[in-house]
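Heads up: the structure comes next, in structure tokens.
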Amino acid sequence: MDIIINDIVNNLVNYVQLYGIWLGFLIIILESILPFLPLFVFIALNVEAFGFIIGFLLSWSATIVGCLISYFFFKYLVGNRIDKYINKSKKKKEKLRKVVNAIKNVKFSTLVVLMALPFSPAFMFNIACGITKVNFRKFFLSLLISKLSIIYFWGFIGTSLFDSIMDVTILIRVVIMLLVAFMISKFVMKKYNIE
């Protein structure tokens, strides 16, 4: 079974190498928009095909672009429709407005940590932040910080997930990455007066 899996992975890596960086970039963007695609597989492919540094930077920039596309789509196409719907019904207006405000007013550092969790559904954050029209600067800066740890996590352990989860040192690294993301978010929040 291991031989079959290794053959599949090697064939995929060869395919990504053959078509170059643009394919690696495109598959990550598609994953950000189509949530059923496995992000960890594409990041692991990029890291394996282009090396850790180039694969990391490629995956990080592509996931940010994909998340921004999703955010703007939901902000301008869906968010406006929800605003109109809320404004039509007075009873529903209060309940929905409370939910919208709760998402919109989530603390920057909380948003960063939630987005930095390795198994968090990134597409849900893109949709929720877009629909509720979370401030673009807040969303963008939280993406820049949180996606560093996600890409590092999946690039580092994406090929050996089950072994890595059982390894205490990997779990400690994940906790350290989350703490670093939290501290960076606090610094950025103060420096740029975000909230």
Side-chain angles (χ1 to χ4, degrees), residues 16 19-47 49-50 52-84 99-155 158 177-178 180-182 184-195:
V16 170
Y19 289 100
I21 288 176
W22 290 110
L23 178 61
F25 194 80
L26 180 63
I27 59 177
I28 299 288
I29 288 175
L30 285 176
E31 187 285 328
S32 298
I33 297 168
L34 305 171
F36 57 86
L37 297 174
L39 178 64
F40 72 95
V41 171
F42 299 141
I43 292 171
L45 281 174
N46 281 342
V47 168
F50 304 113
F52 186 78
I53 294 174
I54 293 173
F56 176 88
L57 292 173
L58 175 71
S59 299
W60 180 65
S61 58
T63 195
I64 289 171
V65 169
C67 287
L68 290 175
I69 290 169
S70 180
Y71 168 82
F72 284 121
F73 173 81
F74 284 99
K75 181 176 181 176
Y76 292 112
L77 295 179
V78 180
N80 291 336
R81 290 180 183 183
I82 287 180
D83 282 343
K84 288 178 185 176
V99 172
V100 167
N101 285 337
I103 295 171
K104 198 175 203 173
N105 295 324
V106 69
K107 290 184 177 182
F108 176 72
S109 55
T110 304
L111 183 61
V112 169
V113 170
L114 288 172
M115 291 173 77
L117 292 170
F119 297 99
S120 65
F123 70 97
M124 291 300 287
F125 292 108
N126 302 338
I127 293 169
C129 290
I131 287 174
T132 60
K133 298 183 179 179
V134 167
N135 179 289
F136 172 72
R137 186 170 151 198
K138 179 179 178 179
F139 179 73
F140 182 66
L141 290 173
S142 65
L143 275 179
L144 292 179
I145 297 167
S146 65
K147 294 304 176 184
L148 289 171
S149 65
I150 292 287
I151 302 303
Y152 174 80
F153 177 80
W154 288 119
M177 288 185 318
L178 291 173
V180 168
F182 180 75
I184 291 171
S185 71
K186 287 292 191 183
F187 172 76
V188 169
M189 189 170 70
K190 286 180 184 175
K191 182 167 178 76
Y192 295 104
N193 195 22
I194 299 173
E195 276 316 313

Where Glu31 and Pro38 come nearest, the two heavy atoms and their spacing:
CG-C, 4.2 Å
Starting at NZ of Lys138, measure out to NZ of Lys104 and round the result to the nearest 0.5 Å.
10.0 Å
4.5 Å side-chain heavy-atom contact, Tyr152 and Leu148:
no
Would you be so kind as to tabulate the donor-acceptor pairs closer than 3.5 Å made by side chains of residues 20-30, with sequence neighbours excluded?
none

Would the number of heavy atoms belonging to other residues, nucleotides or ligands and lying under 6.0 Å from CZ of Phe187 be above 12?
no
Taking the side chain from Trp60 and the backbone from Ser149, do they hold a donor-acceptor pair closer than 3.5 Å?
no
Is the backbone N or O of Gly66 less than 3.5 Å from a side-chain atom of Ser70, with the two atoms forming a donor-acceptor pair by type?
no
Report yes if the side chains of Leu111 and Cys129 come closer than 4.5 Å at any heavy-atom pair, otherwise no.
yes
Is it the case that more than 12 heavy atoms not belonging to Ile54 sit under 6.0 Å from its CD1 atom?
no
Neighbour count above 12 (heavy atom, 6.0 Å) for Arg137 CZ
yes
When rounded to the nearest 0.5 angstrom, what distance separates CD1 in Ile131 from OH in Tyr76?
14.5 Å
Point-to-point distance, once rounded to the nearest 0.5 Å, from SG of Cys67 to CZ of Phe125
10.5 Å
Is there a side-chain contact between Phe73 and Val78, using heavy atoms and a 4.5 Å cut-off?
yes
Can you tell me how far OG of Ser146 sits from CZ of Phe139, rounded to the nearest 0.5 angstrom?
8.5 Å
For the atom pair CG (Leu58) and OG1 (Thr63), what is the distance rounded to the nearest 0.5 Å?
11.0 Å
Contacts of type salt bridge (charged side-chain N to carboxylate O under 4.0 Å, His left out), residue Lys133, not counting sequence neighbours:
Asp83
Can you label the angle between the Phe136 ring and the Tyr71 ring as parallel, tilted or perpendicular, going by 30° and 60°?
tilted
With a 4.5 Å cut-off on side-chain heavy atoms, are Phe56 and Trp154 touching?
no
Grab the two heavy atoms, one from Asn126 and one from Ser32, that are nearest each other, plus how far apart they are.
ND2-O, 3.9 Å
State the CD1-OG distance between Ile150 and Ser59, to the nearest 0.5 angstrom.
12.0 Å
Tabulate below the donor-acceptor pairs under 3.5 Å that side-chain atoms of residues 116-123 make, not counting sequence neighbours, or state none.
unit_1: Ser120; atom_1: OG; unit_2: Leu114; atom_2: O; d: 3.1
unit_1: Ser120; atom_1: OG; unit_2: Leu117; atom_2: O; d: 2.9

